[in-house]
Amino acid sequence: MIAKVIVDIATSELDKIFDYKIGYSGATKGSRVIVPFGKFKTEGFVIDVSSVSDYPEDKLKPIIRVVDEVPALTEENLRLAEFIKNKYHSSMASVLRLFLPSEMRKGKVRSKTATYLSLSDGISVSDMLSSLKKGADKQVAVIRFLQENGKTKQAEVNEAFSPSSVTALKNKGYVIATEEKVIRTPYKDLSASGKRVSLTAEQQNAVNSVKNSNKPTLIKGVTGSGKTEVYLQLIESVISEGKTAIMLVPEISLTPQTFSRLRSRFGDKCAILHSGLSAGEKFDEWWRLRSGEAVIAIGARSAIFAPLENLGIIIIDEEHDQSYESEASPRYVTDEIALYRAKLSNAKLVLGSATPKVESYLKATTGEYNLAEMKERVNGRPLPEIIIADMRDEIKHGNISPFSIALKTELKNTLDKGNQAIIFLNRRGFSQKVICRECGYVAKCLNCDVPLHYHKAEQVLKCHFCSAQYHMLTACPECGSVSINYSGTGTQKVVDERQALFPSAKILRMDNDTTQNKEGHFKILKEFSEKKADILVGTQMVAKGHDFPSVTLVGILDADMSLYFSDYRSGERTFQLVTQVAGRSGRADDSGKVVLQTYSPKNPVLQSSINYDYENFFKRECMVRKASYFPPFSHVLRLMVESEDEDLAISTLKSAFEKTREVYSKYHSSFIYFDKMKSPVKKIKNKYRFQVLARIRDNYEDIENEFYKIANGLISRKVLCYLEVNPSSTS
Ligand code: ADP
Ligand code: ZN
Ligand code: ZN
């Protein structure tokens, strides 16, 4: 028999199927295999098995060996891969890579074993003891220990007693050593109260609504309405039917809370797939799912590729979150894949959010999705009151600090009552630019053409695009002035000012700088939830899904900033952010408050958000987008050209423009906009960036297919070229 193999070679995006003889290798469809390739060996996937080949059989080389005992990919995985390949015009090799944690490829990790010791049962303990020489106290102790504790890791016994006494006992045949597989369990010490709640009427309705519908369900539930409990209930009923479940959460809210809630309900039946795990943990969790030992996969975006069979449900929590869009090739959108996977497996698809994407809610209103709404918080509490602080007035009254009088007052009240507060800043170190006061020079990254950010703790300037670090400026490189302004409101600055106002308050800070190591933000959130701090200051990370019962105040320092991004989705982002951050307040017994600071209190998006009026926001947003042909009433296409060689990038852009112009002429009436230009960020990591930008209102599939083909046709060793459809970031 012949195996059709996709070889896993990173550099060449060889999208070719190679034939190999299966021979005695035992390879089947889905197997990971080692095959000879040119002068080398390489890893590959068997995507099909056939009795025929276009090549004469004696020319074919045999597979060297199969990597795993069970085929790594299931039949369903392969069909899903085919779909992704066609939809996003990517190479099969790059699609298949999505299905395995990268650390597993090329034999980088294996299963781990450890040596265990136990007493031989061929001889009685009393015979062992009486045969030992006088003075062999340690050996006696080892025997007694193993008698009491049973099988124990050799390393532990060695450490507690002595390796030499263990060796002596092994030589006598009294102690037997065995190799056993060790499962590396992430977050082992997460404890949780497995308290079971009975569902509220709204929760029960949502559960029933999902069960009774054969469409995907959008659960639109206000913050604190108990969506997670609904998910858990749905998962429970799916696994009681012997099926499996995938639950996706935004990368950022993969918190100890989410895990412990799942684990307390389902124990070892759930496995975690998450970029923060060690390679070994990923390997073991992945195999627990593949082998059927675990039946619930929880993780960020990539867990949509979890190796589960017999899938019963896919849940996407906080479905509006941007982390569900992949930023590297293949540039997939998670719900598109989830939709197809659910269809393939005849599984339910559930999307949940307090602030659904405009696109998703539109589908719910037109009947493409089933809609389940939860309008009340579980505890019957009102949503927190949002107080607007008009920052123009503050300045008029002489308050130039980043904190309004209202926020200071509320903060004091909150701390006096022994409650906690969260202070939210829109972006990490947003205005921490380094500016020359004399000539206005702004320090920029040499690789990226973006302003550098001042990091006070380390006393360096950093680029947030490529992480390059620079020394502090002592003088302006343009005019020589020593008057350099390092101010601005970064998280660090806010912490400093808060501390000055409330010297005894304990403040935690959470942003990309403080959460770089593996469990960084877990640790901060854990400390905060254990009330080891009074105030948590942070960026987007503090906005997502957390459930801290003692938080009764949320301060939003700069609600306007996201309104002024040029993106057509900036209003949507602002609405989502304000609602989500506000939702962290008053989740338990004490009612909560929110102070929202803004320079444009009359802005309609802010007005809708302070009234928690999603419908109103949605109506207005749809009206505006429909009138100006923005998604979901059109598609934005961005064909990117990137190269370190600027001239090459420009000439490639020209050919891209010529080729796409042919498509433009052919489908002229479908185009609302079509042009070529520099990308907003002209250079990232030393690569010059140009783009063809288009907006189309129909014939989506045909036009996109042509654009994808053009982009793929222009890729070379020195030029990266790709198409983005409705990209979430247009930097
Ligand atoms: P959401 O995800 O909608 O913001 P959560 O699922 O985090 O809300 O629920 C908010 C809080 O209410 C959690 O602490 C949760 O344990 C609690 N909760 C959820 N459902 C119930 C219920 N039926 N009875 C009592 N408490 C509940
Ligand atoms: Zn200057
Ligand atoms: Zn840079």
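What you see is a predicted model; the values in this text were computed from it and never measured.
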Do any N or O atoms from the side chain of [X] and from the backbone of [Y] form a donor-acceptor pair under 3.5 angstrom?
{"X": "Glu359", "Y": "Pro631", "answer": "no"}
{"X": "Glu394", "Y": "Ile405", "answer": "yes"}
{"X": "Tyr614", "Y": "Val222", "answer": "no"}
{"X": "Arg695", "Y": "Tyr629", "answer": "yes"}
{"X": "Arg381", "Y": "Gly592", "answer": "no"}
{"X": "Gln597", "Y": "Ser404", "answer": "yes"}
{"X": "Ser608", "Y": "Asn616", "answer": "no"}
{"X": "Ser360", "Y": "Pro356", "answer": "no"}
{"X": "Ser585", "Y": "Thr552", "answer": "yes"}
{"X": "Ser679", "Y": "Lys682", "answer": "no"}

Handout entry: Residues Lys526, Glu530; criterion salt bridge (Lys or Arg N to Asp or Glu O under 4.0 Å); working and verdict
Key = CA-CA 6 Å; Lys526 189 154 178 279; Glu530 287 165 354; 3.5 Å; yes
Handout entry: Cationic N near anionic O, under 4.0 Å, Lys532 to Glu527
Key =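 Salt bridge flag = no for Glu527 with Lys532.
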Practice task
Could you tell me whether Glu229 and Arg265 have a side-chain N and a carboxylate O separated by less than 4.0 Å?
Solution key: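 A salt bridge is present here (some side-chain N lies under 4.0 Å from a carboxylate O).
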Problem - Heavy-atom neighbours of Phe633 CZ exceed 12 at 6.0 Å - result: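 Enclosed: over 12 neighbouring heavy atoms sit under 6.0 Å from CZ of Phe633.
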Exercise for the section: For atom NZ of Lys417, decide whether the heavy atoms of other residues, nucleotides or ligands shown that lie under 6.0 angstrom number more than 12. Expected result: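 Counting other residues, nucleotides and ligands, NZ of Lys417 stays at 12 neighbours or fewer.
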Which atom names give the shortest non-hydrogen contact between [X] and [Y], and what distance separates them?
{"X": "Ala505", "Y": "Leu415", "value": "CB-CD1, 3.9 Å"}
{"X": "Ala303", "Y": "Ile246", "value": "O-CG2, 3.6 Å"}
{"X": "Ser237", "Y": "Lys211", "value": "OG-CE, 3.3 Å"}
{"X": "Ala354", "Y": "Lys220", "value": "O-CG, 4.5 Å"}
{"X": "Tyr361", "Y": "Glu615", "value": "OH-OE1, 2.8 Å"}
{"X": "Ser225", "Y": "Met374", "value": "OG-CE, 3.6 Å"}

Problem - Steps toward salt bridge (Lys or Arg N to Asp or Glu O under 4.0 Å) verdict (Lys375, Glu202) - result: CA-CA 8 Å; Lys375 296 181 174 172; Glu202 278 195 330; over 6 Å; no
Handout entry: Full working for side chain to side chain donor-acceptor pair (under 3.5 Å) between Gln204 and Asn208
Key = CA-CA 6 Å; Gln204 192 58 55; Asn208 297 344; 3.2 Å; yes
Problem - Contacts of Thr217 that satisfy side-chain contact (heavy atoms from CB on, under 4.5 Å) - sequence neighbours left out - result: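 Partners of Thr217 under the side-chain contact (heavy atoms from CB on, under 4.5 Å) test: Val210, Ser213, Ile219, Asn370, Ala372.
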Exercise for the section: Mind running side chain to side chain donor-acceptor pair (under 3.5 Å) on Thr334 and Glu325 for me, showing each step along the way? Expected result: CA-CA 6 Å; Thr334 309; Glu325 286 170 43; over 6 Å; no
Exercise for the section: Go through the steps to decide whether Asp534 and Ile507 satisfy the test side-chain contact (heavy atoms from CB on, under 4.5 Å), and finish with yes or no. Expected result: CA-CA 6 Å; Asp534 308 299; Ile507 302 178; over 6 Å; no
Exercise for the section: Evaluate the criterion side chain to side chain donor-acceptor pair (under 3.5 Å) for residue pair Tyr324 and Arg301; output intermediate values, then yes/no. Expected result: CA-CA 5 Å; Tyr324 290 123; Arg301 173 178 79 215; over 6 Å; no
Handout entry: Given Arg620, Lys357, Arg625, the one that forms salt bridge (charged side-chain N to carboxylate O under 4.0 Å, His left out) with Glu572
Key =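 With Glu572 as partner, Arg620, Lys357, Arg625 yield a single salt bridge (charged side-chain N to carboxylate O under 4.0 Å, His left out), made by Arg625.
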